[in-house]
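Computed from a predicted structure; not experimentally measured. Just so we're on the same page: letters track the sequence lines, and every chain starts at 1.
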Number of protein chains: 2
Amino acid sequence: MSTIRDVARVAGVSIATVSRVFNNHTLVNPETAGRVLEVASQLEYWPNGAAQSLTTRRTHTLGVMLPELFGEFYSEVIRGIDRQSRLHEYQILLSSSHSNGEEVLIAGRAMLGRIDGLIMMAPDEASIETVERVRRRVPVVLLNPRIEVEGCCSVAFENFSGARAAVAHLIGLGHRDIAMICGPEGNVDAEERLRGFRRALTDAGLNPDEAMVLPGDFRESTGYEAGAAILCRRPRPTAVFAANDGMAVGLLAALRAAGRRVPRDIAVVGFDDIAISAYLNPPLTTVSVDACGLGQRAVDLMMGAMEAGAAGGSLRQLLPALLTVRASCGADSAGSGFLEEAAGGAEPARRGRK
Amino acid sequence: MSTIRDVARVAGVSIATVSRVFNNHTLVNPETAGRVLEVASQLEYWPNGAAQSLTTRRTHTLGVMLPELFGEFYSEVIRGIDRQSRLHEYQILLSSSHSNGEEVLIAGRAMLGRIDGLIMMAPDEASIETVERVRRRVPVVLLNPRIEVEGCCSVAFENFSGARAAVAHLIGLGHRDIAMICGPEGNVDAEERLRGFRRALTDAGLNPDEAMVLPGDFRESTGYEAGAAILCRRPRPTAVFAANDGMAVGLLAALRAAGRRVPRDIAVVGFDDIAISAYLNPPLTTVSVDACGLGQRAVDLMMGAMEAGAAGGSLRQLLPALLTVRASCGADSAGSGFLEEAAGGAEPARRGRK
DNA sequence: TCCAAGTATGAAACCGTTTACATTGCGAGC
DNA sequence: GCTCGCAATGTAAACGGTTTCATACTTGGA
């Protein structure tokens, strides 16, 4: 593996000149530059990243910490981050699936000195210490933060208002007994969606019944289980709001297995609008969020924060979470559960994907 | 930001001692070690990663290059890699969505010197140059490689035999006119699955009809479009093999929209067995692959290769792709399309997820 | 009493870059 | 013919660690 010294020796110049050639400094004779490049390619020389980071104090790398990697939502967030950082010629150092604050701290330490900034989704309190620690060295951008941290930018979805709109929609359709399948405990998104659910009920003068709030963990299987539980509840709910689409899929399967028709017997609304939602039977009414866009926006904020240096303010951005009405809530269908618009031959309505 | 020198000065020792304390060398007086750690935590000292990499020539980082990040399959692969590398205390440097060989090369260069090994899914020929180049410096593990590269380990799914088994199953059920929806051009997985499809037909003495091979790109929308096309084909196919589950979902929606029943009118088989497949209506017969396991296995191979150093052989591993029969192919259902086993109250059969 | 072996620590070289500063050579202006 | 300024390049000091080798101090056995 050849170093800058090898190139310098063979090309008959000093290492400073080689460095200048590779960094596009103008004050080098074109002829010399040509020779250096020639030798470099011959020797397959490529600057050592670690050495560069050491002197320049820039790594051209962004740290990304997510609580979990399971499911389409997170993968879309990463996709957005990846795409946008490539644009700015940044690499991404990924770390996820931390079950507790201790692990987050360790992961954070391991990243220190290898990243120019950290994009972090920290749905639980335990991660705050890590955020504070990292923040003293490099800018941090938070995704859907539970608590805003002084000096950190953040991007979040309007989880609360999205959920509230979804449930309000159900109420508008005449539903009064509405159940909810929650996300994992301690997850901010999940909590905000639950809060939106409750608020929509009280807004309408209804009394939130805790027996109507079922546990879940964002996976299909818990949606399925909740479906069985819902059918035993008295009064039996006429509508269900699932905290994400994955659980809605499980729920639909459970209802079908029990011979119930959606939306005729029970209306269903999900959250996230993952790719398949439009293709379900019936097509799922859900709250659309642009997970990929969340990632992109985070990178943009990061670029701004890095530019600003320590003076970087704490910009807060909110991304919309908009209700997308399809058939599963009963609003645009007579209750057959069949794809109305598609019957005409067109593709089902779906949100635009960038 | 404090350095090793700051700690040494405050603790009244040399930098060598501080380094020894942090690297758990035994030959340091416990009392001294305690003082050093005390000072270090006070000063919030943490070793600089770049400097460490420079001297030790180890980065404790694995590069991961994927062609794409879209869809559950890739996200599961990353999840597997992430989990297993955490186990070995490695970080992962992620890069994806390269549209051509040039971009792959650039990404590869950017990683050089920052990684101890590279896990790469290189579905097209253009990436081979990058593989060769990187391989001269650090071990490379290939995922589902098109061509085996001398000196590289690889892990792959039995795409070919999985597809062949799926189609053979359809033939066994009496289907003769079977269509296939392909994956993106240039994608090895897609090509292997197509090859398996053709082989199953010829195995059964059937003549593969090119008009039955429809284009697709692994996304739901192309499955939907293919559905419309299939209904116009003469002879009309009685079964369809989709190269992945996402397209199968789109196909199911298209068939439903056209009033066809699955599996009674048309049987459908997918590939991948993503989380929702068991919960579809009807539950999707598909070929199960453990994408997460693929990632894990790749990391294990990498650890072996790094251990072995330059002497590392070229281990080849094949992971099974097994047919999981559910209702959509008509084999375990009278054709109602309803969830048989779940009607009894149990959760639908699904592959085990680790 | 002396030496060998061991333990704890320090000094300094090195890893591969970037960059501030020094040096050289040369043409222009006086 | 000098000096000045500039272009092109070289020298050497960082950057923040690890590690080899040397050194000082104990300790124990002959």
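Side-chain contact check for Leu319(A) versus Val289(A): every heavy-atom pair is 4.5 Å or farther apart. A heavy-atom distance below 4.5 Å is not found between the side chains of Ser75(A) and Ile78(A). Considering only heavy atoms from C-beta on, Val140(A) stays 4.5 Å or farther from Arg133(A) through its side chain. You'll find the side chain of Met306(A) reaches within 4.5 Å of the side chain of Tyr90(A), heavy atoms only.
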Protein-nucleic acid N or O pairs under 3.5 Å, nucleotides 22-26 of chain D:
none

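When the nucleotides dG10(D), dT18(D), dG17(D) are ranked by their closest atom to the side chain of Thr56(B), dT18(D) comes out on top. When distances run from any side-chain atom of Arg57(B) to the nucleotides dC15(C), dT17(C), dT19(D), the shortest one goes to dC15(C). Closest approach to the Arg20(B) side chain among dA12(C), dT9(C), dC15(D) is made by dT9(C) (side chain taken as heavy atoms from C-beta onward). Listed candidates were dT18(D), dT9(C), dT17(C). Nearest to the side chain of Pro47(A) is dT17(C).
Residue Thr55(A) has no polar side-chain atom (N or O) positioned under 4.0 Å from OP1 or OP2 of dT17(C). In terms of phosphate contacts, Thr3(B) brings no side-chain nitrogen or oxygen within less than 4.0 Å of OP1 or OP2 of dG16(D). In this model, the phosphate group of dT19(C) is not approached by any side-chain N or O of Ser19(A) to a distance below 4.0 Å at OP1 or OP2. Side-chain nitrogen and oxygen atoms of Asn23(A) include at least one within less than 4.0 Å of the OP1 or OP2 phosphate oxygen of dT18(C).
Here the CD1 atom belonging to Ile92(A) is positioned 10.0 Å from the OG1 atom belonging to Thr61(A), to the nearest 0.5 angstrom. We find the CG-CZ distance between Asp189(A) and Arg146(A) to be 9.5 Å, quoted to the nearest 0.5 Å.
One atom, CZ of Arg114(B), and another, P of dG16(C), lie 15 Å apart when rounded to the nearest Å. Rounded to an integer number of Å, the gap from CD1 of Ile15(B) to C1' of dT9(C) is 13 Å. Counting to the nearest Å, the C1' atom of dT18(D) and the NE2 atom of His60(B) are 13 Å from each other. Atom CD1 of Ile4(A) and atom C1' of dT18(C) are 8 Å apart (whole Å). Rounded to whole Å, atom C1' of dC14(C) lies 16 Å from atom CD of Gln52(B). Computed from coordinates, the Phe22(A) CZ to dG16(C) P distance equals 15 Å when rounded to whole Å. If you take CZ of Arg5(B) and C1' of dT18(D), they are 11 Å apart, rounded to a whole angstrom. Rounded to an integer number of Å, the gap from CG of Leu54(A) to C1' of dC15(D) is 4 Å.
Residue pairs meeting the side chain to side chain donor-acceptor pair (under 3.5 Å) criterion with at least one partner in residues 32-50 of chain A, sequence neighbours excluded, are Glu44(A)-Arg136(B).
Among the protein residues, Ser53(B) comes within range of no part of the nucleic acid, since none of its heavy atoms lies under 4.0 Å from any strand.
In summary, Arg9(A) and Asp6(A) engage in a salt bridge, as defined by a charged side-chain N under 4.0 Å from a carboxylate O.
Residues Asn29(B) and Val18(A) both approach DNA chain C. Their nearest nucleotides, taken by heavy-atom distance, put Asn29(B) toward the 5′ side.
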